[in-house]
Amino acid sequence: MITLLMAWTAFHAHAETAFKPAVTRSTAANRIAERPDYAHALGGEWRWLEAGFESRTRYEVRTNDYTSGLLSDDALVTRNLLYLGVKTALDPLRMVVELQDSRHFYSDRPQNPNLSDTLEPLQAYAQLYFEDVVGAAPLSLSFGRMAFDWADRRLISRNRNRNTISAFDGIRLRVAHENAPWEIDAIAMRPVTRNIQHLDQSSDDLRLYGLAGYWRGWSPHVVLEPFWLWLDQREAAITAQRRNLHTLGLHAFGQWGGGDAWDYDLSLAGQWGSSGGLTHRAIAAHAEAGHTWSAAWKPRLALWLNYASGDSRPTDSSSQRFDPLYGATYAFYGYTSFFAWQNIINPALRLSFQPAKTLKCEVMHRGIWLAASNDAWVRAARRDATGGSGSYVGQELDLRLVWQLNTHFDIDLAYAHFFPGTFVQNTGASPPANLMQIAGTLRF
C-alpha cells in the first residue's frame, strides 16, 4: 500500500507545484490547517521567520439573551493575538508560539472563559519537518499546544467570532499540506481548559484522538474529507460528565457548471459509544446547494439544511443527542449563538454579494425546530420532557457587512434578530432577542 502511495505521489509530483484546489463556498467552513491567516512569512534574509499581530475590538449589544437567562447587556470585548514561527532556519526543527489576550469590559455578565482569558499561550509547539518523505509529500510531527480547524470546522474549530480560541495539548502528525492533492492529519491530544485566574491547563480527564484524510485530486468538482474522532472522558469524577464517543464522518464539496456557477457542500457524521452512563447513538448532517451569478456584485444564493439528532426517549437507557464536541457555531447556526449542532432541524436561506471589491455583505434567514420535541433546546436550558410544547423554536434573521478599509484594517458589522416560536412560548418567557455588534480588526 505504501509503495503504491509513493508511486502515485511521484507520478503527480510535477503537477503538485501548480495544483490549486477549490475551497468550499459554504460560509465559515474553510479550515485553518496550521498557520493563522493573519500571520505571514517575512521576506529577504528573514524569510525563515513567520510573524503576525491581530487586534480586534468589538462592541456588542444583546437584548434578551436566551443563553444567559434573558439578560440584556452591552459590552466591549477585545482579543489580541501575536504569532511567531521559526521555519527552515533550524530544519528539521521548527517552532511556533502564539499568544492570546482576551478581555471584556463594561458588562453585567460574570467573567467566563468564553469572553476572557488574559495573556495565555494559545500555541506553543515544536515541530519536526521533513521534505519529500512520502514521494514528494512533506511530513511534520508537532508536539505541544496547538489551535487549528478540522475538516469543515463543525467538530473542531479555531474559533473566529468567539472572544477566546480553543486549544489542545498533544501530538499531531501531518503528511502533505492543505494545497496538495491529498493530505493525512492525525492527532492525539488533551483539550485545554481555559482559566481566567490562572494559566490554562490540559484537561485531566479528557483525551481526543483523530484521523482525517483530504482528497482534492478531483477538484473543483469533488473534494472528499473523511474523518474519525474519539473523545475519551471515562475518568470524569461525575458520572453525568463521562463520555466515550466515536464520531465517523465525511465532508464533501465541489463546484460545477459554466464558470463554476453551481456549488454544493455536504457533511454527514455518525456517533456512537457512551454518554453520561447511557449507550449513545446519534447522527448529524449538513446539506447545501448554491448558485453564483456572474453579475458585477457576484451574488450567491444558497439553500441549507442542518440536522442533528436529539434524545427522543429521555427516560430510557440510551442517548441520541448528537455531541458537537469543539465545533464552531456562530456562522453555522446563527449569529446569536443560541444554537449548536445538537437536537436541531435548521433550514436556512443565505444571500451574499459584494457591492465593491472591499465590501462583502450577507443576509440569512433561518428556521429552527427541535429534532426531538421532548429533548432540550440545549443552550437555553429549556426542555419539555413530554414533548407537549411542540418542536418549533423560532426563526432568526442575520445581517452582516465586512468592509476592508485597507490591507491591515477591516470593520465587521453584524445584526441578528430572533423570533421566538411556540416551543419558546410554551416553556417560559418568550420575548424577541437581538444582537448587534461592530468590530474593528487590525492585522500586520
Side-chain angles (χ1 to χ4, degrees), residues 56-79 100-118 157 159-166 193-197 241 310 321 324 326-344 346 364-370 375-385 389-400 412-440:
R56 185 183 71 189
T57 300
R58 183 171 71 212
Y59 176 67
E60 56 185 42
V61 179
R62 291 180 178 269
T63 60
N64 301 316
D65 184 353
Y66 278 85
T67 67
S68 300
L70 297 178
L71 176 69
S72 294
D73 184 38
D74 62 341
L76 183 70
V77 296
T78 63
R79 188 179 74 186
Q100 172 184 245
D101 185 86
S102 299
R103 303 170 188 256
H104 85 295
F105 308 91
Y106 315 118
S107 173
D108 294 330
R109 294 173 183 270
Q111 292 280 346
N112 75 77
N114 286 337
L115 285 173
S116 300
D117 199 15
T118 55
S157 73
N159 311 86
R160 309 284 201 268
N161 187 72
R162 200 179 73 191
N163 208 45
T164 56
I165 300 172
S166 298
T193 300
R194 296 182 299 279
N195 191 312
I196 298 173
Q197 303 298 329
Q241 295 177 348
R321 182 195 296 165
Y326 302 94
T329 60
Y330 173 72
F332 290 145
Y333 316 110
Y335 291 169
T336 59
S337 296
F338 290 171
F339 306 97
W341 212 21
Q342 52 188 168
N343 192 30
I344 191 172
N346 171 213
M364 290 199 69
H365 190 79
R366 312 169 191 263
I368 304 101
W369 284 261
L370 301 177
D375 195 6
W377 172 14
V378 180
R379 291 204 162 187
R382 292 202 183 193
R383 184 173 191 169
D384 180 351
S389 294
S391 61
Y392 177 50
V393 181
Q395 303 175 52
E396 181 169 321
L397 175 66
D398 294 336
L399 309 173
R400 188 180 183 191
D412 188 338
L413 178 64
Y415 171 77
H417 182 84
F418 173 66
F419 305 84
T422 53
F423 171 83
V424 185
Q425 296 163 5
N426 291 333
T427 55
S430 57
N434 294 279
L435 164 70
M436 188 280 290
Q437 59 185 30
I438 181 169

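Numbers here are sequence positions counted from 1.
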> How close do Tyr330 and Ala414 get, heavy atom to heavy atom, and via which atoms?
OH-CB, 3.6 Å
> Spell out, as yes or no, whether a donor-acceptor pair under 3.5 Å connects the side chain of Asp384 to the backbone of Gly390.
no
> With side chain to side chain contact (heavy atoms under 4.5 Å, CB included) as the test, would you mind laying out the steps for Ile344 and Ile368 before giving the verdict?
CA-CA 7 Å; Ile344 191 172; Ile368 304 101; 4.1 Å; yes
> Look at the aromatic rings of Phe338 and Phe418 and report parallel, tilted or perpendicular, splitting at 30° and 60°.
perpendicular
> Check whether any side-chain N or O of Arg62 sits under 3.5 Å from a backbone N or O of Thr336 as a donor-acceptor pair, and report yes or no.
yes
> Between Asn64 and Pro432, is there a donor-acceptor pair closer than 3.5 Å when you use the side chain of the first and the backbone of the second?
yes
> Would you say the side chains of Asp73 and Ser107 form a donor-acceptor pair under 3.5 Å?
yes
> According to the interplanar angle, ranging from 0 to 90°, do the rings of Phe419 and His417 count as parallel (below 30°), tilted (30 to 60°) or perpendicular (above 60°)?
perpendicular
> Please name the pair of heavy atoms, one in Ser157 and one in Gly327, separated by the smallest distance, quoted to 0.1 Å.
OG-C, 3.7 Å
> Just checking, is any N or O donor in the side chain of Ser102 or Asp117 under 3.5 Å from an acceptor N or O on the other one?
no
> Any chance OH of Tyr106 has more than 12 other-residue heavy atoms, nucleotides or ligands included, within less than 6.0 Å?
no
> Does Asp375 pair with Arg321 as a salt bridge, N-O distance under 4.0 Å?
yes
> What closest approach, in Å, do Phe423 and Arg382 show between heavy atoms, and which atom pair accounts for it?
CZ-O, 3.8 Å
> Just by distance, do the side chain of Arg56 and the backbone of Asn161 share a donor-acceptor pair under 3.5 Å?
yes
> Test your reading of the model: is there a side-chain donor-acceptor pair from Arg162 to the backbone of Thr164, 3.5 Å cut-off?
yes
> Between Ala328 and Tyr333, what is the shortest heavy-atom contact and its length?
O-CE1, 3.6 Å
> Where do Asn112 and Asn114 come nearest, in terms of heavy atoms and distance?
OD1-N, 2.8 Å
> Determine whether a donor-acceptor pair (N or O, by modelled atom type, separation under 3.5 Å) exists between the side chain of Asn163 and the backbone of Leu115.
yes
> Quick one, Val424 and Tyr66 - any side-chain contact, counting heavy atoms below 4.5 Å?
yes
> Please report the closest heavy-atom contact between Leu70 and Pro431, naming both atoms and the distance.
CD1-CD, 4.0 Å
> If only atom types and distance count, is the side chain of Arg379 paired as donor or acceptor with the main-chain N or O of Ala340 below 3.5 Å?
no
> List the steps, then state whether side chain to side chain contact (heavy atoms under 4.5 Å, CB included) holds for Val61 with Asn434.
CA-CA 8 Å; Val61 179; Asn434 294 279; over 6 Å; no
> Can Asp398 and Arg400 be counted as an ion pair, charged N to O under 4.0 angstrom?
no
> Run the numbers on Ser389 and Gln425 for side chain to side chain contact (heavy atoms under 4.5 Å, CB included), then give the verdict.
CA-CA 8 Å; Ser389 294; Gln425 296 163 5; over 6 Å; no
> From Asn195 CG over to Thr118 OG1, what is the distance, rounded to the nearest 0.5 angstrom?
9.5 Å
> Report the C-alpha distance between Glu396 and Phe339 in whole Å, list the side-chain angles of each, state the deciding distance to 0.1 Å, and finish with yes or no for side chain to side chain contact (heavy atoms under 4.5 Å, CB included).
CA-CA 11 Å; Glu396 181 169 321; Phe339 306 97; 4.2 Å; yes
> So, does Gln100 use its side chain to make a donor-acceptor pair with the main chain of Ile165 at under 3.5 Å?
yes
> Nearest 0.5 Å, please: how far is OG in Ser116 from CZ in Phe105?
8.0 Å
